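FYI, side chains are in, hydrogens and waters are out, and symmetry mates aren't considered; it's all heavy atoms of this structure. As the structure is a prediction and not an experimental result, all values here were calculated from the model. Throughout, residue positions are numbered sequentially from 1 according to the sequence presented.
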Amino acid sequence: VSGSHLVKNLELTKKEIKKDKIKISSSVDLNIKGSSEKQICNYTGEAIKKFSKCFSNLNPDIILVLGDRYEIFSAVTSALILNIPVAHLYGGEITLGVIDDAFRHSITKMSDIHFTVNKNFRNRVINMGENPKNVYEVGSLSAENIKSIKFLSKNEIENKFEFKFLKNNFVVTIHPERSYSRTIELTKNLLSELENLKNTLIIFTSPNHDAHGGIIKNHIKKYIRTNKNSIFIESFGHQNYISCLKVSDGVIGNSSSGLNEAPNLKIGSI
């Protein structure tokens with residue numbers, strides 16, 4: 001476990017790993033506190049050093065990684081240099097306006113086996129020069145997980161997080177974009193529009209620990225101080241988050257859950 005799994009107030013995800021009885025062989029703590037560009041550069045460099053030490057100690061046959069985070073990029077960089085094979089989930093995807101694309105495509109080029117969500121993404125990975133024999137179209141784990149999850153009821157969610165659903169309810173997630181000015185514009189415009197919603201609960205979740213993430217969080221906290229129909233949840237945990245989505249009217253923001261979970265729960269996405 002590494003990255004935000006070990007950040008204070010977000011350790012719930014680490015507890016979920018233990019709850020699923022998955023042995024944690026190592027913790028790679030990047031000491032994540034802030035989210036400026038310089039801090040993320042430092043985390044990335046530190047992660048390469050720490051993952052190198054971790055892999056040297058564990059001597060894995062292969063590492064399996066998911067996504068496009070800088071922590072994943074660092075882990076895969078270490079594995080490449082140490083000549084450890086890499087299997088990558090969800091290559092070939094496109095996320096406009098953010099740094100994720102560069103990390104994701106770099107991870108693809110450093111990986112040996114690829115598992116993509118659909119045919120279009122598989123073709124993009126192959127077009128990047130990867131051997132078609134090593135690129136598999138497997139669908140979405142998010143969609144698969146929804147089939148087996150035990151959903152919490154509305155009352156259970158309300159009691160657990162101490163809030164009350166209203167007539168209308170939206171889950172809002174704003175992640176940083178690559179441009180500082182674009183991130184501020186996106187955040188301010190969205191918050192301004194949300195103020196127009198009546199008899200509606202706005203459930204904010206935390207932005208990623210990327211550059212400008214802290215600025216988004218400050219704007220959200222300022223918003224909920226003056227808008228009593230809104231709450232901020234630092235870390236839902238997977239079961240709680242999916243359960244909350246299921247009883248909400250939709251997802252608002254630039255989160256991948258609007259493309260992955262929301263359609264499978266048959267709720268809308270803006």
Side-chain angles (χ1 to χ4, degrees), residues 1-7 10 13-14 17 22-32 35 37-118 120-142 175-176 178 208-211 213 238 255-256 260:
V1 292
S2 186
S4 57
H5 291 298
L6 301 174
V7 174
L10 295 179
T13 51
K14 185 177 178 181
I17 294 170
I22 297 172
K23 180 187 174 185
I24 296 175
S25 300
S26 181
S27 291
V28 179
D29 192 350
L30 305 182
N31 196 27
I32 294 175
S35 59
E37 289 98 332
K38 184 178 179 181
Q39 285 173 312
I40 289 172
C41 284
N42 290 336
Y43 302 148
T44 303
E46 190 69 17
I48 292 174
K49 288 197 299 184
K50 290 188 173 182
F51 276 115
S52 297
K53 182 179 179 181
C54 171
F55 295 153
S56 296
N57 291 336
L58 294 176
N59 193 28
D61 297 299
I62 191 168
I63 70 167
L64 173 67
V65 298
L66 183 155
D68 45 46
R69 303 280 307 159
Y70 60 84
E71 306 99 308
I72 302 300
F73 171 81
S74 300
V76 173
T77 299
S78 298
L80 176 72
I81 295 169
L82 293 170
N83 200 30
I84 300 168
V86 176
H88 181 217
L89 283 153
Y90 302 165
E93 301 185 13
I94 294 291
T95 315
L96 297 176
V98 294
I99 203 169
D100 299 7
D101 270 2
F103 281 133
R104 185 189 304 109
H105 296 333
S106 298
I107 292 167
T108 291
K109 293 308 299 178
M110 292 190 285
S111 299
D112 303 275
I113 303 171
H114 311 270
F115 300 108
T116 67
V117 169
N118 62 38
N120 291 338
F121 299 155
R122 180 177 184 269
N123 288 340
R124 185 172 289 121
V125 169
I126 293 169
N127 289 337
M128 290 171 66
E130 298 305 297
N131 187 339
K133 293 181 180 179
N134 296 332
V135 188
Y136 302 89
E137 179 190 346
V138 298
S140 167
L141 287 178
S142 300
H175 291 310
R178 195 166 187 173
N208 283 337
H209 277 271
D210 293 328
H238 185 257
S255 169
S256 59
N260 291 324

Exercise. CD1/Ile72 to OG/Ser106 distance, rounded to the nearest 0.5 angstrom?
Worked result: 13.5 Å
Exercise. To the nearest 0.5 Å, what is the distance between CG (Asp100) and NE2 (His175)?
Worked result: 9.0 Å
For this session: Work out which heavy atom in Asn31 is nearest to a heavy atom in Tyr43; give both atom names and the distance.
Result: O-CE2, 3.8 Å
Exercise. Is it true that a side-chain atom of Lys50 and a backbone atom of Leu30 form a donor plus acceptor pair closer than 3.5 Å?
Worked result: no
Problem set entry | Atom pair CE (Met128) and CG (Asn123), whose distance is rounded to the nearest 0.5 Å | 13.0 Å
Problem set entry | Heavy-atom side-chain proximity of Asn57 to Phe55 below 4.5 angstrom | no
Problem set entry | Distance-only side-chain donor-acceptor flag, Arg104 / Thr95, under 3.5 Å | yes
Problem set entry | Closest contact, heavy atoms only, Ser25 versus Leu58 | CB-CD2, 4.1 Å
Exercise. Hey, what do you get for CD1 (Ile84) to OG (Ser52), rounding to the nearest 0.5 Å?
Worked result: 8.5 Å
Exercise. Are any non-hydrogen side-chain atoms of Ile24 and Ile17 less than 4.5 angstrom apart?
Worked result: yes
Exercise. Under 3.5 Å, side chain of Ser27 to main-chain N/O of Asp29, donor-acceptor pair present?
Worked result: no
Problem set entry | Close side-chain approach of Val135 and Phe115, heavy atoms under 4.5 Å | no
Problem set entry | Heavy-atom side-chain contact between Leu89 and Leu141 under 4.5 Å | yes
For this session: Could you tell me whether the side chain of Asp68 reaches within less than 4.5 Å of the side chain of Asp101, counting heavy atoms only?
Result: no
For this session: Please answer whether the main-chain N or O of Val28 pairs with a side-chain N or O of Ser2 as donor and acceptor at a distance below 3.5 Å.
Result: yes
Exercise. Yes or no on side chain to side chain contact (heavy atoms under 4.5 Å, CB included) for Val86 and Val65, after CA distance, side-chain angles and deciding distance?
Worked result: CA-CA 8 Å; Val86 176; Val65 298; 4.1 Å; yes
Exercise. Does Arg122 use its side chain to pair, donor to acceptor, with the backbone of Pro132 at less than 3.5 Å?
Worked result: yes
For this session: Check Phe51 against Ser78 and note the closest heavy-atom contact, atom names and distance.
Result: CB-OG, 3.7 Å
Exercise. Would you find a donor on one side and an acceptor on the other, under 3.5 Å apart, between the side chain of Lys53 and the backbone of Ile48?
Worked result: no
For this session: Return the minimal non-hydrogen interatomic distance between Thr116 and Gly91, and the atom names on each side.
Result: CG2-O, 3.7 Å
Exercise. Say you draw a straight line from CG of Leu82 to OG1 of Thr77; how long is it, rounded to the nearest 0.5 Å?
Worked result: 10.5 Å
Exercise. If you look at every heavy atom in Pro85 and Asp112, which pair is closest and at what distance?
Worked result: CA-OD2, 3.2 Å
Exercise. Is a side-chain N or O of His114 found less than 3.5 angstrom from the main chain of Val125, in a donor-acceptor match?
Worked result: no
Exercise. Minimum heavy-atom separation for Ala75 to Ile63, with atom names?
Worked result: O-CD1, 4.1 Å
For this session: Flag the pair Arg124 and Glu93 as a salt bridge only when some basic side-chain nitrogen lies within less than 4.0 angstrom of an acidic carboxylate oxygen.
Result: no
For this session: Supply the atom-to-atom distance Leu64 CG to His88 NE2, rounded to the nearest 0.5 angstrom.
Result: 9.5 Å
For this session: Only counting residues at least two apart or in another chain, list the ones meeting side-chain contact (heavy atoms from CB on, under 4.5 Å) with Phe103.
Result: Tyr70, Phe73, Ile99
For this session: Would you indicate whether the side-chain heavy atoms of Ile94 and His105 approach each other to under 4.5 Å?
Result: yes
